[in-house]
Trainee: 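This structure is in structure tokens; I'll ask about it shortly.
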Amino acid sequence: MGKKKDGFVNQITKRSEDFSKWYTELIRRAELADYSPVKGIMVIRPYGYEIWEHIKDNLDIKFKETGHKNAYFPLLIPESFLKKEAEHVEGFAPEVAWVTHGGDNELEERLAIRPTSEAIICHMYSKWITSWRDLPVLINQWANVLRWEKVTRPFLRTTEFLWQEGHTVHATSDEAMEETLKMLDIYKNFCEEYLAIPVISGLKSEKERFAGAVKTYCIEALMPDGKALQAGTSHFLGQNFSKAFNIRFENKEQELEYGWQTSWGVSTRLIGALIMLHGDDSGLIIPPKVAPYQGVIIPISRGNWKETVLPKANEIFENLKAQGFRVQLDDSDVATPGWKFSEWEMRGVPVRIEIGPKDIEKNQVVLVNRINREKSFVSIDELNEKFAELLDKIQNMLFEKAKNFREENTSEAETFEELSSIIETKRGLVTTGWCGSETCETAVKDKNATTIRAIIENQEGKHKICVVCGKESKHTVLFAKSY
RNA sequence: CGGGGCAUGGCUCAGUCUGGUAGAGUAUCGGUUUUGGGAACCGAGGGUCGGAGGUUCGAAUCCUCUUGCCCCGACCA
């Protein structure tokens, strides 16, 4: 640990050597998160939480722009409420945690710690909605939820996690469907623009659909180990919940009608996705748009640097902050510059700004790109523009790199044998035809532990037959192993 | 929930087979010298070996149970 090897850091397992180990080790070393005393529950540390804050703040703006308001619903849900929508309970029952006592007294009805909030929110909606004038209801909440998962991994699947859940009610089916797709689109754009994670959007099969939904749409991202990660979902709930919870309104024709609903969410899992997708052997690479620090200024501490270099470094620091950049100045005098380089690379800061005696003479700084360590010498007078340019460049490089990776790892299969062989050798995403039957879907799962991640837009002329049974294909689907 | 692995100063690990009362590196603290890719030296503090029980004169080490973590599957954001 801490020893030099080829000049760079050697303190974490290399991503190229052991991906899983790299992932969990890095999360702790970079101080994104740590394990709590309770199984499967993690502590999100400030550096990790700040990434979540940037995700949250930016998404929140997009939700507000599209007319949504935030609210907060209770953590505890009476058991009877959860049971109202049959498929919903069945789907979530195995992973619900229950509150059974208040102090020493056993409760008459046990309370579920929300695994998701449809039940409590729909109950409230049934009280609030009476007329077509009350619609649409467009509410989102930022909250924590609890699901007693059997296998957990930091950020990707933890017992308690943070997310947002939007719950809307509309007067017509069309309107609700429009909302479902609109939010899916917001997620897709957000993942691609802010997190530099290319995603494929599509529809879930019946088997993979959210418990209680009519249709579940999703965005799926391909991870470096060839597995797909569901990065967000948007559900068209139809009238399933409004009927179960009696959400009715009087329409313009003075008839009582059940509301049409949607729900949609993304979680702290997005952080897991960006760690896996962008990181390298040296550690994290956080996309500039959500990075807690977009740049770190490292003064080269040499001789009387505190009198010569540090004041200039401070000036640059204040200037960049004033321009709205998120920057850090590492002026600690215990660590050497080399140590700092490695440390901040490991933490994924996209740009390093070096300034030393030689630079001061030339009125310049050195900008270093985290992705390829490419150095550029920039006049201090142009620093603001050049820094902003480099951040944009890095944001784009990350996206392009991820997109190329996905393209290289997307295959097509016409037969079951082909599909199996691809999954067993290179993994990745596989597009095929599918007849739509659950029998064929299950056949693939049983043989290859691979599932339909999404039903995608039909590609003309391709995949005319079902990859399993050979009958006529109804959908083009994306198969992959998944997280 | 099945299969496998692991649990020892903050971190990474040695010691376990063959019981004898804990050790290294690193980190931390103090000091001196350094500093353009993880600096060197001197000195100091810090653990009773995941937890419970048992065997024994004696347990990190042997036995039983238990908890947690990691990996691979089945289930899920």
Side-chain angles (χ1 to χ4, degrees), chain A residues 1-13 18-25 28-29 34-42 91-96 115-116 145-165 187 204 207-211 216 218-221 225 228-235 263-273 282 298-306 309 332-346 352 354-360 365-366 368 373 375 445-446 448-449 451 481-483:
Chain A
M1 193 174 77
K3 293 293 172 214
K4 277 196 265 187
K5 198 192 246 179
D6 40 302
F8 297 111
V9 183
N10 185 32
Q11 62 173 7
I12 47 170
T13 301
D18 185 337
F19 186 69
S20 293
K21 202 170 170 193
W22 168 86
Y23 177 79
T24 47
E25 246 177 53
R28 294 222 277 169
R29 285 218 90 96
D34 203 354
Y35 295 109
S36 82
V38 183
K39 176 183 163 65
I41 297 188
M42 67 172 183
F92 281 101
E95 44 189 59
V96 170
T116 178
V145 286
L146 205 71
R147 297 180 187 178
W148 220 263
E149 300 285 355
K150 287 169 183 161
V151 178
T152 58
R153 296 190 75 194
F155 291 114
L156 297 176
R157 174 166 298 106
T158 49
T159 300
E160 180 183 2
F161 60 94
L162 303 182
W163 76 348
Q164 61 65 220
E165 44 181 330
Y187 287 156
K204 283 291 184 199
K207 202 166 146 58
E208 302 278 328
R209 203 190 60 214
F210 173 75
T216 289
C218 63
I219 49 173
E220 296 279 331
D225 59 353
L229 182 80
Q230 182 172 307
T233 48
S234 186
H235 314 291
S263 73
W264 27 273
V266 295
S267 72
T268 36
R269 170 180 267 196
L270 290 175
I271 298 173
S282 301
I298 299 181
I300 302 305
S301 39
R302 193 169 199 189
N304 59 341
W305 68 283
K306 284 198 175 172
V309 178
S332 129
D333 53 5
V334 287
T336 61
W339 191 93
K340 292 176 184 175
F341 292 173
S342 303
E343 182 67 15
W344 291 107
E345 275 177 8
M346 189 265 289
R352 177 171 74 240
E354 298 176 15
I355 179 161
K358 288 185 236 164
D359 303 309
I360 292 195
V365 294
V366 185
V368 185
R373 294 197 175 92
K375 294 191 174 189
K445 187 168 184 179
D446 289 346
N448 300 309
T451 50
K481 284 185 189 269
S482 76
Y483 272 94

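All values derive from a computational prediction rather than experimental measurement.
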Trainee: With both distances under 3.5 Å as the test, what is the Watson-Crick or G-U wobble partner of B/G43?
Mentor: B/C29
Trainee: Return the value, rounded to whole Å, for the distance between atom CD of A/Glu345 and atom P of B/G37.
Mentor: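 Taking atom P of B/G37 as the reference, CD of A/Glu345 is at 12 Å.
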Trainee: Please tell me if A/Lys39 has a side-chain N or O lying less than 4.0 Å from either OP1 or OP2 of B/C69.
Mentor: yes
Trainee: Are any side-chain N or O atoms of A/Arg269 and backbone N or O atoms of A/Leu156, one a donor and one an acceptor, separated by less than 3.5 Å?
Mentor: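 It does hold such a pair.
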Trainee: Using the C1' atom as the reference point in each nucleotide, state the distance between B/C62 and B/G20 in Å, no decimals.
Mentor: 14 Å
Trainee: Taking atom P of B/U35 as reference, at what distance in whole Å does atom CD of A/Glu354 sit?
Mentor: 17 Å
Trainee: By the 4.0 Å heavy-atom rule, please label A/Gly272 as base, sugar-phosphate, or nothing.
Mentor: nothing
Trainee: C1' atom, B/C76 versus B/A59: distance in rounded Å?
Mentor: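 B/C76 and B/A59 have their C1' atoms separated by 43 Å.
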Trainee: Quick check against the 3.5 Å criterion: does A/Arg147 have a side-chain atom that pairs as donor or acceptor with the backbone of A/Pro115?
Mentor: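 Yes, A/Arg147 side chain to A/Pro115 backbone: donor-acceptor pair under 3.5 Å.
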Trainee: Using purine N1 to pyrimidine N3 plus N6-O4 or O6-N4 for Watson-Crick, or N1-O2 and O6-N3 for G-U wobble, both under 3.5 Å, which nucleotide pairs with B/G23?
Mentor: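 Base partner found: B/C13.
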Trainee: Which value, rounded to the nearest 0.5 Å, describes the distance between A/Trp163 atom CH2 and A/Thr268 atom OG1?
Mentor: 10.5 Å
Trainee: Let me know the distance between CG of A/Asp333 and P of B/G36, rounded to the nearest Å.
Mentor: 15 Å
Trainee: Grab the CD1-C1' distance between A/Ile355 and B/U35 for me, whole Å please.
Mentor: 16 Å
Trainee: Between protein and nucleic acid, restricted to nucleotides 3-7 of chain B and to nitrogen or oxygen atoms under 3.5 Å apart, what atom pairs and distances do you find?
Mentor:
none

Trainee: With sugar-phosphate meaning primed atoms plus P, OP1 and OP2, does A/Pro94 contact a base, only sugar-phosphate, or nothing at under 4.0 Å between heavy atoms?
Mentor: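 No contact.
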Trainee: Measuring only the P atom in each nucleotide, how far is B/G43 from B/U26? A whole number of Å is fine.
Mentor: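 Rounded to whole Å, the distance is 14 Å.
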Trainee: Regarding A/Val366, tell me which of base, sugar-phosphate or nothing describes its non-hydrogen contacts under 4.0 Å with the strands shown.
Mentor: base
Trainee: Would you say the side-chain atoms of A/Tyr35 pair up with the backbone N or O of A/Pro154, donor to acceptor, closer than 3.5 Å?
Mentor: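 Side chain of A/Tyr35 to backbone of A/Pro154: no pair is present.
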Trainee: When you match A/Lys358 and A/Thr336 each to their closest nucleotide on RNA chain B, which lands nearer the 5' end?
Mentor: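 Of the two residues, A/Lys358 wins.
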Trainee: Have a look at A/Lys340 and say if it touches a base, only the backbone sugar-phosphate, or nothing, with a 4.0 Å heavy-atom cut-off.
Mentor: nothing
Trainee: Taking the six-membered ring for Trp, are A/Phe155 and A/Tyr23 closer than 6.0 Å centroid to centroid?
Mentor: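 They do not qualify: ring centres at least 6.0 Å apart.
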Trainee: Rounding to the closest angstrom, what is the interatomic distance between B/A44 and B/G25 at atom P?
Mentor: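 The same atom, P, in both gives a distance of 14 Å.
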Trainee: In whole angstrom, what separates A/Arg302's CZ from B/G37's C1'?
Mentor: 14 Å
Trainee: Whether A/Glu345 and A/Lys340 form a salt bridge (side-chain N of Lys/Arg under 4.0 Å from carboxylate O of Asp/Glu) is what I want to check.
Mentor: no
Trainee: Should A/Val145 and A/Glu160 count as side-chain neighbours, where that means a heavy-atom distance under 4.5 Å?
Mentor: no
Trainee: Tell me: CD1 of A/Ile298 to P of B/U35, nearest whole Å?
Mentor: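 Going from CD1 in A/Ile298 over to P in B/U35 covers 18 Å.
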Trainee: If you measure from the P atom in B/G47 to the same atom in B/G10, how many Å do you get, rounded?
Mentor: 8 Å
Trainee: Could you check which nucleotide pairs with B/C65 in any of the strands shown, counting Watson-Crick or G-U wobble with both distances under 3.5 Å?
Mentor: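 In the structure as shown, B/C65 has B/G51 as its Watson-Crick or wobble partner.
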Trainee: For each nucleotide in nucleotides 70-77 of chain B, reading 5' to 3', give B when a protein heavy atom comes within less than 4.0 Å of its base, S when such contact involves only the sugar-phosphate, and - otherwise.
Mentor: SS-BBSBB
Trainee: Please give the distance between the C1' atoms of B/G3 and B/U8 as a whole number of Å.
Mentor: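 It works out to 27 Å between them.
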Trainee: If we ignore hydrogens and angles and just use 3.5 Å, is the side chain of A/Thr233 paired with the main-chain N or O of A/Cys218 as donor and acceptor?
Mentor: no
Trainee: For nucleotides B/A77 and B/G45, find the distance between their C1' atoms and express it as a whole number of Å.
Mentor: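 46 Å, rounded to whole Å.
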Trainee: So, does the side chain of A/Ser301 form a donor-acceptor pair with the base of B/U35 at under 3.5 Å?
Mentor: yes
Trainee: Under a 4.0 Å N-O cut-off, is there an ion pair linking A/Lys481 with A/Asp225?
Mentor: no
Trainee: Between B/G10 atom P and A/Arg28 atom CZ, what is the distance in whole Å?
Mentor: 13 Å
Trainee: Is there a donor-acceptor contact under 3.5 Å from the side chain of A/Lys39 to the main chain of A/Thr152?
Mentor: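 Here the side-chain-to-backbone pair does not exist.
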Trainee: For B/U33 and B/G50, measure between their P atoms and round to the nearest Å.
Mentor: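 That atom pair is separated by 44 Å.
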Trainee: Once rounded to the nearest 0.5 Å, what's the spacing between atom CZ of A/Arg157 and atom CZ of A/Arg153?
Mentor: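 A/Arg157 atom CZ to A/Arg153 atom CZ measures 10.0 Å (nearest 0.5 Å).
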Trainee: To the nearest angstrom, how far is A/Asn304 atom CG from B/U34 atom C1'?
Mentor: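 Taking atom C1' of B/U34 as the reference, CG of A/Asn304 is at 14 Å.
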Trainee: Just call it for A/Asp359: base, sugar-phosphate, or nothing, with non-hydrogen atoms closer than 4.0 Å on any strand.
Mentor: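 Answer is base: heavy atoms of A/Asp359 come under 4.0 Å of a base.
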